[in-house]
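Working notes, structure below.
The figures that follow rest on heavy atoms only: side chains count, while hydrogens, waters and symmetry mates do not.
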Amino acid sequence: MTDKPRIIISSDHADIALRQDIARHVAERGFTVEDIGPETADSTDYPKHGEAAARRIAAGEFDLGILICGTGQGIMMAANKVKGIRCGVCSDTFSAKMIRAHNDANMLSMGARVIGGGLALEIVDAFLDTAFEGGRHGRRVDMITAIED
């Protein structure tokens, strides 16, 4: 048993190999990871994949999620429709750290057509290795959560 967060990962058809590489990388780091994304490159709709992963986090089955679509934007928008989800798109490590440290993001979204595989792994590591700072940021996250009601 590990005390590390449980990770769920999904994508649309944009880059299945990247998603699988990320899942493998996360597992090699000792995280429990479940990949629920599609297995073929047949066109599929990103909203259903973003929602499916987000609902599993909202239900408490997983702690954090990683999403991928062409730009990262659409799948992120779908995930953020689920109550309790705070998902941000990141194309750099600084943003990935800040969405965890300041926004207590529980999901990371990336654009497969925006970043390469090496950078994607660095962004994932930055996201997973950063803790929420709390303090004044906690009050702001509470304000975000209040909007959901």
Is the side chain of [X] donor-acceptor paired with the backbone N or O of [Y] at a distance under 3.5 Å, no angle test?
X	Y	answer
Lys83	Thr145	no
Arg6	Phe31	no
Asp12	Ala14	yes

Quick one: do [X] and [Y] end up in the same hydrophobic cluster if we chain Ile, Leu, Val, Met, Phe, Trp and Tyr together by side-chain heavy atoms under 4.5 Å apart?
X	Y	value
Leu121	Ile9	yes
Val124	Ile99	yes
Leu67	Met77	no
Met110	Ile16	no
Ile85	Phe62	yes

By side-chain hydrogen bond (donor to acceptor under 3.5 Å, both in side chains), Arg140 pairs with (sequence neighbours left out) none
Residues passing the side-chain hydrogen bond (donor to acceptor under 3.5 Å, both in side chains) test with Thr40, sequence neighbours excluded, are Asp42
Tell me the closest heavy-atom pair linking [X] and [Y], and the distance in Å.
X	Y	answer
Ala53	Met107	CB-CE, 3.8 Å
Ala79	Ala54	O-CB, 3.8 Å
Glu148	Gly84	OE2-N, 2.9 Å
Thr44	Pro38	CG2-CG, 4.1 Å
Val89	Gly72	CG2-O, 3.2 Å
Ser91	Ile123	C-CD1, 3.5 Å

Which distance, rounded to the nearest 0.5 Å, do you find between the [atom1] of [X] and the [atom2] of [Y]?
X	Y	atom1	atom2	value
Thr93	Asp125	OG1	CG	10.0 Å
Ile75	Asn80	CD1	CG	11.5 Å
Ser10	Glu34	OG	CD	10.0 Å
Gln73	Tyr46	CD	OH	10.0 Å
Ser43	His13	OG	NE2	4.0 Å

Lys/Arg-Asp/Glu bridge criterion (N-O < 4.0 Å) met for [X], [Y]:
X	Y	value
Arg56	Asp63	no
Lys48	Asp45	no
Arg24	Glu28	no

Do the side chains of [Y] and [X] get nearer than 4.5 Å, heavy atoms only?
X	Y	result
Asp35	Arg19	yes
Val141	Arg86	yes
Val33	Ile8	no
Ile68	Ile22	yes
Asn103	His137	no
Cys90	Leu108	yes

Exercise for review: Would you check if there is a donor-acceptor pair between the side chains of His49 and Ser11 at a distance under 3.5 Å?
Suggested key: no
Using a distance-only test with no angle check, is there a side-chain donor-acceptor pair under 3.5 angstrom linking Asp92 and Ser95?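 A donor-acceptor contact under 3.5 Å links the two side chains.
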In short, side-chain hydrogen bond (donor to acceptor under 3.5 Å, both in side chains) pairs touching residues 106-117 with sequence neighbours left out are none
inquiry  = Looking at Phe127, I'd like to know if the NZ or CZ of Arg100 sits under 6.0 Å from its six-membered ring centre while staying within 45 degrees of the ring's axis.
reply    =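 Checked: cation-pi criterion met.
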